[in-house]
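Nothing here was measured: the structure is a model prediction, and the numbers come from that model.
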Amino acid sequence: MQYSRRISLSLTAAFLLLVFGMPLSQAALELARGDRPHALELLLHVPTKANLRQFERELDNAAWAIRRSRPWMQLLQFTVLHHAGRDTLPGRNGWFFFRPGVRYLVEPLPGPARDTDPLSAILAFKAELDARGIALVVTPAPGKASIYPEQLTRRALGHMAPMNRHTLDLIARLRDAGVDVVDLSALFCGSERPGLYLAQDSHWSPEGMERAAGAVARHLFDRGLVKPGGTEYAERPAPVERLGDLILMMQSPPVERLFAPERVDCRQVVQADSGTLYEDDPASEVLVLGDSFLRIYQLDEPGAAGFTAHLARHLGRPVASVINDGGASTLVRQELARTPELLANKRVVVWEFVERDIRFGTEGWQIVPLPPPS
């Protein structure tokens, strides 16, 4: 009890130092340089909500003391309180989770509204593609907490019911509306689960990604949407070591030094005859839209080892792609509307988005008209 009281007093003192000491030291430094203290800006403008927020942002960016101490305060929060910052949640057994992904699972969804209803946006996009004779296949990527809730909290041990009910509800609504869906949640939960996601990262592992690519390829073949191509690909090992994005999100080098990089056993896709690394082909009959679940391993290190490369390996043909981190709900369709020539010669569009975007997608779920077919 005495030890806990000392920790509490120490944290209180550190907090008070941050609140009062840093603004005073910042003002003293600015006066010493002959500058007007930044805090006076607050008195020179009408205190509207926008001005106050702008002042807060500028003060935070200008405060050298805060910038220098923030990593160490984050280290103190992490080691003493097990608090990992705004976006990272510590789990069990060295696992970390993306906080918005967990919020998506446990919080109720808001009611359908303009630009927030995935079904309306997806149906509008399907209608645009139907008019061009192009099939649409939707592929929601389950979040890490949906597949491994027991690594987030001990309370989920033995929990058998699906965690991502919002995703399953959307899949049911899409199928009822005639949308073709590959249910990766059912695939992952119904298979051996070890190794499908990275412990330090919010994304799937190479194993999880390759299972997803294989499932989508089988779906395209089974539905007769594409035929096996004539390009023969091979794989070659390309292991990398990297700190996961959930560690880097804490923005604290002292915290990062607490962790060893995670080994990731990637497999690059190469041309079987030449050994040349896989490259997308904009003229392909298959266009893939997606987010960072497609970017990882493909555009990141080691390259040519991500979803599109392995989908192409299974299909025996290269694919085209539009990838936008966090923007698979709307931004990829906006980019496609700006470059409609990508739809030339297409037979099918595969649209991947991580399930949390059903609620938290960047720019929501806008209806994005495509230019008229040429």
Side-chain angles (χ1 to χ4, degrees), residues 115 118 120-141 174 179-182 184 202-204 209 212-213 215-217 219-220 225-226 229 231 269 277-300 303-315 317-358 360-374:
D115 295 343
S120 298
I122 293 170
L123 290 179
F125 186 50
K126 180 179 183 300
E128 295 267 15
L129 296 179
D130 286 345
R132 293 164 170 79
I134 302 172
L136 174 65
V137 176
V138 174
T139 310
L174 289 171
V179 179
D180 199 358
V181 182
V182 177
L184 295 180
S202 62
H203 298 94
W204 47 29
M209 174 274 300
V216 171
H219 185 89
L220 297 182
L225 298 175
V226 295
T231 304
V269 176
L277 287 176
Y278 166 82
E279 292 185 356
D280 281 355
D281 179 4
S284 171
E285 295 181 345
V286 180
L287 173 62
V288 185
L289 311 179
D291 51 30
S292 60
F293 274 63
L294 305 191
R295 180 258 301 158
I296 192 170
Y297 318 127
Q298 185 67 27
L299 305 180
D300 293 347
F307 181 91
T308 56
H310 284 276
L311 177 61
R313 176 175 63 84
H314 287 290
L315 295 177
R317 63 174 70 236
V319 302
S321 65
V322 176
I323 299 173
N324 188 299
D325 271 20
S329 60
T330 289
L331 297 184
V332 290
R333 289 179 293 121
Q334 290 177 338
E335 184 172 345
L336 185 59
R338 291 191 293 270
T339 56
E341 60 272 15
L342 278 174
L343 290 173
N345 192 46
K346 296 298 178 288
R347 292 176 57 87
V348 60
V349 171
V350 176
W351 184 7
E352 174 275 331
F353 51 84
V354 65
E355 64 180 4
R356 66 175 177 269
D357 278 3
I358 293 171
F360 297 117
T362 303
E363 302 295 330
W365 290 86
Q366 299 177 28
I367 293 176
V368 181
L370 296 175
S374 56

Review point. What residues, two or more places apart in sequence or in another chain, satisfy ring pair (Phe, Tyr, Trp, His ring centres under 6.0 Å) together with H203?
Key: F293
Point to revise | Taking every non-hydrogen atom, the tightest pair across V319 and Y278 | key: N-OH, 3.1 Å
**Study point:** Nearest-0.5 Å distance that lies between atom CG in L220 and atom CG in D180
**Key:** 8.5 Å
Review point. Once you round to the nearest 0.5 Å, how far does CD1 of I367 lie from CD1 of I122?
Key: 11.0 Å
Review point. Between S329 and W351, what is the shortest heavy-atom contact and its length?
Key: O-CZ2, 3.6 Å
Review point. What's the spacing between L225 CG and I134 CD1 if we round to 0.5 Å?
Key: 12.0 Å
Practice item. Output yes when a side-chain donor or acceptor of E128 lies under 3.5 Å from a complementary backbone atom of L370, and no otherwise. Key: yes
**Study point:** Atom of V181, atom of P140 and distance for their closest heavy-atom approach
**Key:** CG1-CD, 4.0 Å
Review point. So, does W365 use its side chain to make a donor-acceptor pair with the main chain of D357 at under 3.5 Å?
Key: yes
Review point. Under 6.0 Å from the CD atom of E279, do we count more than 12 heavy atoms belonging to anything else shown?
Key: no
Review point. Can you tell if the side chain of L343 reaches within under 4.5 Å of the side chain of L129, non-hydrogen atoms only?
Key: yes
Study note, to complete from the structure: Note: T362 and T330 closest approach over all heavy atoms is O-CB, 3.9 Å
Review point. Any salt bridge (Lys or Arg N to Asp or Glu O under 4.0 Å) pairs touching residues 331-340, not counting sequence neighbours?
Key: none
Practice item. Would you check if the side chain of R313 reaches a backbone N or O of A309 as a donor-acceptor pair within less than 3.5 Å? Key: no
Review point. Step by step, would you call H219 with V137 a side chain to side chain contact (heavy atoms under 4.5 Å, CB included)?
Key: CA-CA 9 Å; H219 185 89; V137 176; 4.1 Å; yes
Practice item. Kindly write out the residues that satisfy salt bridge (Lys or Arg N to Asp or Glu O under 4.0 Å) with D325, not counting sequence neighbours, or none if the list is empty. Key: R295
Check your understanding: Would you say D291's side chain and A328's backbone share a donor-acceptor pair under 3.5 angstrom?
Key -> no
**Study point:** Atom pair CG (L299) and OG (S321), whose distance is rounded to the nearest 0.5 Å
**Key:** 7.0 Å
**Study point:** Nearest heavy atoms of A337 and P369, plus distance in Å
**Key:** CB-O, 3.8 Å
**Study point:** Side-chain heavy atoms of N345 within contact of E285, under 4.5 Å
**Key:** yes
Practice item. Quick one: closest heavy-atom pair of P318 and A312, and the distance? Key: CA-CB, 3.9 Å
Check your understanding: How many angstroms lie between atom CG of L184 and atom CD of E352, to the nearest 0.5 angstrom?
Key -> 8.5 Å
Review point. Under the 3.5 angstrom rule, does the side chain of K126 hit a backbone N or O of A124 as a donor-acceptor pair?
Key: no
Point to revise | Inter-residue atom distance L315.CG - T308.OG1, 0.5 Å rounding | key: 11.0 Å
Review point. Do L336 and F125 touch side chain to side chain, with heavy atoms closer than 4.5 Å?
Key: yes
